Structures are given as C-alpha cells and as structure tokens.
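From a predicted model like this one, the values you see are computed outputs, not experimental measurements.
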Amino acid sequence: MNSKNTVDKPTNFIRNIIDEDLLNGKYNKVITRFPPEPNGYLHIGHAKSICLNFGTALNYDGYCNLRFDDTNPLKEDIEYVNSIKNDVKWLGYNWNEEIKFSSNYFQKFYECALELIKKELAYVCFLSSDETREFRGTLKKPGKDSPYRNSTVQENLNLFKKMKEGEFKEGKCVLRAKIDMKSSFMCMRDPTLYRIRFETHHQTEDDWCIYPMYDFAHCISDAVEGVSHSICTLEFQDNRRIYDWILKNLDEFNKPDRPYQYEFSRLNLEYATTSKRKLKLLVDEKLVSGWDDPRMPTISGLRRRGYTATSIRDFSERVGVSKVNSLTDISILESSIRDDLNTNAPRTMAVIDAVKIVIENYPEDKIELLKAPNHPQNNEMGYREIYFSKEIYIDKADFQEIAPNNKFKRLAINKEVRLRNAYIIKATRIEKNKEGNIKTIFCKYDPETLGRNPTDGRKVKGVIHFVESSRAIQAEFNIYDRLFIDRNPSKFEDISSIINPDSLIIKYGYVEPNLKNAEVEKAYQFEREGYFCRDRSDKSLIFNKTVGLRDTWNQ
Ligand code: ATP
Ligand code: MG
C-alpha cells in the first residue's frame, strides 16, 4: 500500500483514466509532457498544467518531458525559452533527460507529410486565404472541396518539395489534410498542416521555410517521444479528432499504445488575466514594470511577490482538475501562500508609516537588547535580538489622540498599550508640526513590565509593534493590490481601461537592523502588517508585500 501509486494521490478523472490504462496493460509507463510555446512567460495557469503533468507522472513513477512547441518562429524568442526553463525548475520539477523542442522533429514532420501525400491524404492548396475561408463554410453550411483537392500524388509531392525549397512566396500555398469538407467539426474541414514562413528560427535558423501547424506537429511530437497521456486544455477538445486522424494514418504510430489526448478546463483566476497576449500587452505598454512585476500572475511575478513554489503546488492541488470552466477565487491562491508562510516565515517588526515616540522616563543614552521569538508557536525557529531605547517608531495608525471607545486596543493619550516583545507604555502628550500633523508622541514606560503583566493587576490588552529609532534601517515597502478593478478581466478587450490605480502604493518606513542583509525572496511576517519579502532590486532595501495576514477581500 505504500507504493508511490497509492500515496498522496488526489483522484481526478485523468488519474482514473491512467489507472484503467495501467490495469488493462495499455501502457507500462506513464509519460506526459508540458508543451509551452516560447512566446511569453509562464503564468499561474501554466503552473496548474505543470503540476498536473509533472505531478501525475511522478505519482506513477513515470516521467514528464519539457517540450518547447516552437513551430511558429514569428512570435518566439530564446528569452522565453530560458525563463520557462527557470520557472519549471523553480516550481520543483525535473524534466526527463534533455529539453525537447518540436523543432527537433522538423525532418520527421516532413517525412510524415510525405507519407500522407503518398496515401492521398494531403494536398497542396493554392486558394487565397479569403477563398479558403469561403470554401470552409460555417457551422450551419457545409464546406466545398478545394479545386486542388484532386491533384495527383506526384503533383503534390513535387509542389510540396517546391514549398520546402522556397520556390513559393509566403501565403502562396499550404499543405492541407484531405479529411472532410462537410464534417460537423470545422477543424476537420481539410485543416492546414504546413505553411510557408521565411523567418529565422531560434533553433533551426534558416534550415526551413515551411513550418508545421500545431495540430500536425503536436500529435507527432507526442508519438515520437512515446507520450502516453497528452493532457491539454478544453479548447482543444475538437482538435482531438485531428490528433487521432493523423496518428491513425501514419504507419509508425498507428498502434494501441500510441498517445491519446485528454482535456481539462483552463484555470481562470479572479482579477487576473491568463492570456499571454494580454500579459505581453501589459509589459509592452509599460502598464507594469515587466513580466516579473509582482502584480503579474506570471510564475516569475508571483515569485518576486514572495509566493513559494510549495504554495503554488498546493494551490494547484486545491483547485483540482475538472472539465468545467470557472473563475477561480483569488482567495484560494492567497490562502495557499498564507498557510505556508504562517508556518514557515520568521516574525520580525517593521513600521511602514512611522511616527516617533519619545519615552520620557527612559534613561537618556541607554540602549537595551531584548530577546524576541522568531515564531510564537515554534521555538525551534529561535530568537533574535532587538533594540530598545528612549526613541522608537510606531505606526501612525496605532495612535489616536483620543481613544474612540473602551475597546480601542491601540495607543491614545492616557491609555496603555504593550510594545511587542518589550514594555508597556502610556501616552502623555503629543507635539504637532505646522501642518497640524503629529510629529512626536511622548510616553512613559513601566520598567516592571518586560515580559510580564503589571503586578498591580492593571489589564493592558492592546499590543502594538515598534522599531527602535537609532538602529532602525530605512526601507521602502511596495504595497500591492489586485491589478484590475474587475473580477473578470477577460470580459474586456482593452484591459488598460480596468487597471487598478492603487495596485501599487509605495511607502517608506523602518525595519529591524537584522533585516539589512535580508535574503532576496525570503519571506518574513512583519508582525501585524502582513507577509513581505525582499525585492531583488539592489537599489536599496525594498520589501514587497506578498499577502496580508487575513483574508480581507470580503470586508
Ligand atoms: P497560446 O495562446 O500562446 O497558445 P497558451 O496559454 O495555450 O497560449 P501554451 O504555451 O501553448 O500557452 O501552453 C502550454 C501548456 O499550458 C498547454 O498544454 C496549455 O494547455 C497549458 N495552459 C495554458 N494556459 C493554461 C491555463 N490557463 N490553465 C491551465 N493550463 C493552461
Ligand atoms: Mg497553446
């Protein structure tokens, strides 16, 4: 019972299919693939697909290939190849052997195309794109056969060879499968298999000027790699028919253990877009600072924001796999990271919107070192030293001149509050500047209250955080909110019109001195403020807010 096949294996319809296939002996190894097109950075939807493909293969002691689906040189770039490799590794997955590229199989695709031509199952078509559209018909109207459909095998072989040798201009002709112009599935109406593109490819340079279409290249790539379960998103449901048609008609691949395609629903996340085209637009139009802007739902953005790989894998498990399209609640993503950091992030204190406190009865030049736990529930995370002196910073929001009521748990004139990890103080008076803003709050402290309650039975309920002023380190805080003001940005073609103007607010405050050399991306809980991590910018000390301490979406 403790084999990998049975442990920690959430069931879903794909795993049910795999179980059955293994039981029937259809395959003896589960081989999956993750096939991104290198035309953008990976996003949270891809993360779901990565976790599904790599995670499922791992569960069954199989493996997963990372294959770049690089059949359209127009939009692809090596920058994207590299970022995708990084993101998959960072998520904690290893691909089988070396990375694969669909372009590795360009010669194979070509030979497969020749086989289909020889079987009278493919032909070179010279209809213009307008004519092709007209001949295709509509859902209600059957298509018409292309006049080129009945060219002889020899004619087609010659023409296809000429296409390959660059003798036709781009757009002049294409290679099409000869299937059925009357099919109720539009994609089966003689789909294009190859088109001409005079473009330098990032892997094969100028070796080819004909490029296979996704539908042709994908199934053959899967078959060449011996993939068993080819998992993709629902919009390819109809295309499954082409997938099967092509493999069935190629002798080498027409066998029972060939790959089969299964579809699941895409992940759509509230307040985010998972369209690569729209994400690229945000970057190109400089509406965000780049693909890894912490407001982006890209893997690199989430990482810079402070999300951990564990939390993203956990999120993928939580949302599950289904065939129903829906809009996933952003709070599911946020609780995945919050649960991880609540357990694992060390606590520290940061004052984001500072006001100075002077403790009048504290000795002038004294600096005390106090001990503070790094995690209130986990002693193993140890202790750190914090400073205490006559001058400290607290957050402006933790003080009001007059306490609004008895339940007020922060500092007010004549009201006591505990400073986290230190003493109880009471505010006595304030000093304002010319504009009428509070400049300094004067307090008294009770020296008997370090780590214990007042001996006379006074009850002090509120606890606020602070940073000692002479040792405090100045820091910048990026406070993020959702990038869009609409819950479902996919409804909008012009997403620039729904950008949240407050999606980034920059604040300047103070952190404990031990954060001076904080590791980039390492998460901290700034007590009472939220979870933060250091940004990788080396300009100064910048912290990105990952998520708040509680779910505040519905407030
Ligand atoms: P494109 O429009 O450029 O094809 P794409 O989002 O389909 O964009 P791919 O690079 O082709 O991007 O995707 C790689 C894999 O990730 C595919 O198998 C695809 O089904 C899967 N994938 C993409 N977006 C999502 C999503 N939102 N949810 C789940 N899986 C996704
Ligand atoms: Mg795609």
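- Dense packing is recorded around NZ of Lys278, with more than 12 heavy atoms of other residues, nucleotides or ligands lying under 6.0 Å away.
- Looking only at distances, a side-chain donor or acceptor of Asp395 sits under 3.5 Å from a matching main-chain atom of Asp353.
- Side-chain contact check for Phe54 versus Thr32: every heavy-atom pair is 4.5 Å or farther apart.
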Chi angles and distances behind the side chain to side chain contact (heavy atoms under 4.5 Å, CB included) call for Met349, Asn421: CA-CA 10 Å; Met349 295 195 285; Asn421 303 309; 3.7 Å; yes

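- A salt bridge links Arg384 to Glu512: one of the charged nitrogens lies within less than 4.0 Å of a carboxylate oxygen.
- Taking the charged nitrogens against the carboxylate oxygens, Glu360 and Arg429 do have a contact shorter than 4.0 Å, which makes a salt bridge.
- For Pro376, the side-chain contact (heavy atoms from CB on, under 4.5 Å) partners are Arg347, not counting sequence neighbours.
- Using a 4.5 Å heavy-atom cutoff, the side chains of Ile542 and Arg536 are not in contact.
- Every ring pair (Phe, Tyr, Trp, His ring centres under 6.0 Å) that Tyr362 has, sequence neighbours left out, goes to Phe388, Tyr445.
- Looking at Ile394 and Leu411, their side chains come closer than 4.5 Å, going by heavy atoms from C-beta outward.
- Identified under the salt bridge (Lys or Arg N to Asp or Glu O under 4.0 Å) test for residues 492-508, with sequence neighbours left out: Arg277-Glu493.
- Residue pairs that meet the salt bridge (Lys or Arg N to Asp or Glu O under 4.0 Å) test with at least one member in residues 411-424, sequence neighbours left out, are Glu416-Arg458, Arg420-Glu527.
- Partners of Phe34 by ring pair (Phe, Tyr, Trp, His ring centres under 6.0 Å), not counting sequence neighbours: none found.
- Under the rule for a side-chain contact (heavy atoms from CB on, under 4.5 Å), the partners of Lys461 that lie at least two apart in sequence or sit in another chain are Lys409.
- Put simply, the side chain of Ile231 reaches to within 4.5 Å of the side chain of Ile14, judged on heavy atoms.
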Show, in sequence, the C-alpha distance, side-chain angles and deciding distance for Asp481 and Ser503, and conclude whether the side-chain hydrogen bond (donor to acceptor under 3.5 Å, both in side chains) test is met. CA-CA 4 Å; Asp481 196 354; Ser503 60; over 6 Å; no

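- More than 12 non-hydrogen atoms from other residues, nucleotides or ligands lie less than 6.0 angstrom from NZ of Lys323.
- Annotation: side-chain contact (heavy atoms from CB on, under 4.5 Å) contacts of Ala475 (sequence neighbours excluded): Phe477, Val511, Leu541, Phe543.
- Applying the side-chain contact (heavy atoms from CB on, under 4.5 Å) criterion to Arg303, with sequence neighbours excluded, gives Trp90, Glu521.
- Scored by the ring pair (Phe, Tyr, Trp, His ring centres under 6.0 Å) test, Tyr524 finds no partners at all (sequence neighbours excluded).
- Residues in residues 479-503 take part in no ring-ring contact (aromatic ring centres under 6.0 Å, His included) pair, two or more places apart or across chains.
- Other residues, nucleotides and ligands place more than 12 heavy atoms under 6.0 Å from the CG atom of Asn433.
- Between Asp339 and Arg318 there is a salt bridge, since a side-chain N of the basic residue sits under 4.0 Å from a carboxylate O of the acidic one.
- Residues Phe264 and Leu52 meet the side-chain proximity criterion, which asks for heavy atoms closer than 4.5 Å.
- Formation of a donor-acceptor pair under 3.5 Å by the Thr233 side chain with backbone atoms of Glu235 is not found in this model.
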Starting from the C-alpha separation in whole Å, work towards a yes-or-no answer on side-chain hydrogen bond (donor to acceptor under 3.5 Å, both in side chains) for Ser389 and Glu468. CA-CA 6 Å; Ser389 78; Glu468 193 277 327; 2.5 Å; yes

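- Scanning all heavy atoms of the two residues, the minimum distance from Pro35 to Asp69 falls at O-CB, 3.7 Å.
- Checked by atom type and distance alone, the side chain of Asn544 never pairs as donor or acceptor with a backbone atom of Thr546 at under 3.5 Å.
- Taking 4.5 Å as the limit, every side-chain heavy atom of Asp340 sits out of range of all side-chain heavy atoms of Tyr307.
- Surrounding CD1 of Ile506 are more than 12 heavy atoms belonging to other residues, nucleotides or ligands, all under 6.0 Å away.
- The two residues Ile441 and Ala427 come nearest to each other via the heavy atoms CG2-CB, 4.1 Å.
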Evaluate the side chain to side chain contact (heavy atoms under 4.5 Å, CB included) criterion for residues Arg15 and Val321: first the C-alpha distance (whole Å), next the side-chain angles of each, then the deciding distance (0.1 Å), finally the verdict. CA-CA 10 Å; Arg15 285 179 160 126; Val321 184; over 6 Å; no

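- Residue Glu79 qualifies as enclosed at atom CD: its count of foreign heavy atoms under 6.0 Å is above 12.
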How far apart are the C-alpha atoms of Tyr387 and Ser470, what are their side-chain angles, what is the distance that settles it, and do they pass the side chain to side chain contact (heavy atoms under 4.5 Å, CB included) test? CA-CA 9 Å; Tyr387 294 96; Ser470 69; over 6 Å; no

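- For Asn517, there are no side chain to side chain donor-acceptor pair (under 3.5 Å) partners two or more places apart in sequence or in a different chain.
- Glu263 and Arg240 are joined by a salt bridge, as a carboxylate oxygen and a charged side-chain nitrogen come within less than 4.0 angstrom of each other.
- In terms of heavy atoms, Val463 sits closest to Arg528 at O-NE, 3.3 Å.
- With a 4.5 Å cut-off on side-chain heavy atoms, Ile44 and Leu333 count as touching.
- Pairing each heavy atom of Lys545 with each of Glu529, the nearest pair is NZ-O, 3.6 Å.
- For the side chain to side chain contact (heavy atoms under 4.5 Å, CB included) test with Glu270, the passing option among Asp329, Thr328, Asp486, Asn488 is Asp329; the others fail.
- Taking the charged nitrogens against the carboxylate oxygens, Arg534 and Glu519 have no contact shorter than 4.0 Å, which rules out a salt bridge.
- Taking His43 as the reference, His46 meet the ring pair (Phe, Tyr, Trp, His ring centres under 6.0 Å) condition, with sequence neighbours excluded.
- Of the residues Arg67, Lys100, Lys85, the one that meets the side chain to side chain contact (heavy atoms under 4.5 Å, CB included) test with Trp95 is Lys85.
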